[in-house]
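Take a look at the structure below.
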Amino acid sequence: MRAVALISGGLDSLLAVKLVEEQGVEVLPLHMVTSFTGKKDPGFLRDLERLYGLRVHRVVDLTREFLPLLLNPPHGFGKNMNPCIDCKILFLRKAREIMEEEGASFVITGEVLGQRPMSQRGPVLRLIEREAGLEGLLLRPLSARLLPPTIPEREGWVDRDRLEAIQGRGRKRQMELARKYGWHRIPSPAGGCLLTDPGYSRRLKDLMDHLPPGELPSLRDVRLLQLGRHFRLSPGAKMVVGRREGENALIQSLAGEENILLVPKGFPGPTGLLVGPGALEELERGGSLLARYCKGSGPFTFLCGGRKVGEIQVHPLPPEEVDKWLIT
Ligand code: SF4
């Protein structure tokens, strides 16, 4: 018997795999990501294997499939720009596809009943399961004994009595299980999704509000949201200002031909990127805004690249001018 499991890397998902594996089921762990799921350190997959004996079978990037959900998610947003219900449906549909490809018979997740306000209530769990096309085939081993028996339990592929009945936010039972399995280092809780961050969500909302109707943000737009300070100068132009050296370099690497890149000429200072169809009209103002983050009173010269080639010389704007455009 074979199953696929969604693995966030947090303790709950590791325990879910373990509980099913110890019943003799071969489990293929899948790690699904988008550009919005928080960054894991580079040794993350290696650590899962070294510390918990879990070898991830596939890492699947679903960013492209995820982006349309930001326009109008059928089940709405959470507190910020997080369309959690639709996100889970998307991940599970993908898991079902891989389940079929791999000749597996069911899907496992580490979800715990009532642990998260929106997407882990009983009726919502059932809705997610139904819309993902996994009715009866989605086993949540940590809460299984509190939920209606699934096909794997009814068919005897797994023994329901050896599964758990955990609910709510408490971690006591999970910690007991971790100790039982000899896991001394507890993986940090899953999460870190940028879409649950209010500041990031405001930038994303600003981006979505200024795209032509029905248009999706590009992957580059999305990556830029994590970098620098963002200023909305006009409906068609936004300025991104690097805050430190590494960020300046990343902003440069994301500059496309349709944007205007501003780099200090011969002095250390921030890199700026003017994006949007109205970038050219806002060049002077964008440059003065960037100059505000340089040391001294100016004037400052910036080299321009991308849509406009050449250089501009500007004086810094007063701080109160700058603050009113900041997307906070
Ligand atoms: S927090 Fe982010 S990754 Fe998690 S379900 Fe919600 S939208 Fe998806």
Side-chain angles (χ1 to χ4, degrees), residues 1-32 45 47-58 88 91-92 95-96 98-100 102-116 119-130 132-191:
M1 186 56 56
R2 197 177 234 199
V4 298
L6 288 187
I7 294 298
S8 64
L11 179 60
D12 290 352
S13 59
L14 301 187
L15 288 172
V17 171
K18 192 76 181 169
L19 285 166
V20 174
E21 264 182 354
E22 67 183 7
Q23 296 204 25
V25 175
E26 181 194 2
V27 180
L28 305 180
L30 311 172
H31 181 54
M32 307 225 179
L45 294 180
D47 281 353
L48 285 184
E49 190 166 356
R50 188 170 58 85
L51 299 169
Y52 313 104
L54 184 139
R55 180 187 287 227
V56 170
H57 181 66
R58 276 202 223 177
K88 282 175 186 281
F91 280 25
L92 286 169
R96 191 196 64 207
I98 297 176
M99 172 188 94
E100 286 163 3
E102 298 283 355
S105 304
F106 62 102
V107 175
I108 299 162
T109 69
E111 289 164 297
V112 170
L113 194 61
Q115 192 178 62
R116 299 207 178 163
S119 56
Q120 289 180 214
R121 285 176 287 125
V124 179
L125 292 183
R126 284 192 288 282
L127 174 135
I128 291 173
E129 181 177 324
R130 198 170 52 244
L134 279 171
E135 243 171 326
L137 291 175
L138 180 52
L139 182 67
R140 297 163 169 115
L142 296 181
S143 295
R145 287 194 282 116
L146 300 170
L147 296 166
T150 58
I151 294 170
E153 292 158 283
R154 292 200 303 265
E155 295 292 321
W157 305 337
V158 293
D159 179 356
R160 179 174 170 89
D161 293 339
R162 292 170 63 193
L163 300 176
E164 294 292 321
I166 305 173
Q167 69 177 317
R169 289 169 177 261
R171 311 287 296 155
K172 196 166 157 239
R173 180 62 184 148
Q174 284 97 320
M175 298 310 276
E176 274 172 20
L177 287 168
R179 273 195 298 278
K180 176 181 141 189
Y181 296 130
W183 296 345
H184 302 296
R185 206 168 106 189
I186 303 301
S188 51

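Throughout, residue positions are numbered sequentially from 1 according to the sequence presented.
- Legend: residues meeting side-chain hydrogen bond (donor to acceptor under 3.5 Å, both in side chains) with R50, ordered by chain and number and at least two apart, are D47.
- The distance from atom CG of D12 to atom CD of Q174, rounded to the nearest 0.5 Å, is 4.5 Å.
- With respect to K18 and E21, no salt bridge is recorded, no charged nitrogen being found less than 4.0 Å from a carboxylate O.
- Across every non-hydrogen atom of P141 and V20, the tightest pair is CG-CG2, 3.6 Å.
- Taking the salt bridge (charged side-chain N to carboxylate O under 4.0 Å, His left out) definition, one finds that E135 meets it with nothing, sequence neighbours left out.
- Contact detail for G110 and L142: the closest heavy-atom pair is O-CD1, 3.7 Å.
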> Passes side chain to side chain contact (heavy atoms under 4.5 Å, CB included), R162 versus L19? Steps please.
Replying inline: CA-CA 8 Å; R162 292 170 63 193; L19 285 166; over 6 Å; no

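- Side-chain contact check for D159 and Q23: no donor-acceptor pair (N or O, by modelled atom type) lies under 3.5 Å.
- Of all heavy-atom pairs between E153 and L139, the closest is OE1-CD1, 3.5 Å.
- S143 contributes a side-chain N or O that, together with a main-chain N or O of I166, makes up a donor-acceptor pair within less than 3.5 Å.
- Pairing each heavy atom of A178 with each of I186, the nearest pair is CB-CD1, 3.6 Å.
- Between the NE2 atom of H57 and the NE2 atom of H31 there is a distance of 15.0 Å, given to the nearest 0.5 Å.
- For the pair V25/R2, no side-chain contact is recorded, criterion being any heavy-atom separation below 4.5 Å from C-beta on.
- Judged by distance alone, with hydrogens and angles left aside, the side-chain atoms of E164 form no donor-acceptor pair with the main-chain N or O of A144 at under 3.5 Å.
- Taking every heavy atom of both residues into account, V4 and A95 meet most closely at CG2-O, 3.8 Å.
- Between atom CE of residue M1 and atom CZ of residue F106 there is a gap of 7.0 Å, rounded to the nearest 0.5 Å.
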> Should L92 and I128 be marked as a side chain to side chain contact (heavy atoms under 4.5 Å, CB included) after you check the CA-CA gap, both sets of side-chain angles, and the distance that decides it?
Replying inline: CA-CA 8 Å; L92 286 169; I128 291 173; 3.4 Å; yes

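- In this structure, the separation between CG on L138 and CG on L125 is 8.0 Å, given to the nearest 0.5 Å.
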> What do the steps show when you test R140 against T150 for side chain to side chain contact (heavy atoms under 4.5 Å, CB included), and what is the final call?
Replying inline: CA-CA 9 Å; R140 297 163 169 115; T150 58; over 6 Å; no

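- With sequence neighbours excluded, no residue forms a ring-ring contact (aromatic ring centres under 6.0 Å, His included) with W157.
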>> Checking E176 against R173 for the salt bridge (charged side-chain N to carboxylate O under 4.0 Å, His left out) test, could you report, in this order, the C-alpha distance in whole Å, the side-chain angles of both residues, the deciding distance, and whether it holds?
In response: CA-CA 5 Å; E176 274 172 20; R173 180 62 184 148; 2.8 Å; yes

>> Run M99 and L134 through side chain to side chain contact (heavy atoms under 4.5 Å, CB included) and show every step you take.
In response: CA-CA 10 Å; M99 172 188 94; L134 279 171; 4.3 Å; yes

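- Taking CG from L11 and CH2 from W183, the interatomic distance works out to 6.5 Å, rounded to the nearest 0.5 Å.
- Expressed to the nearest 0.5 Å, how far CD1 of I7 lies from CG of L30 amounts to 8.0 Å.
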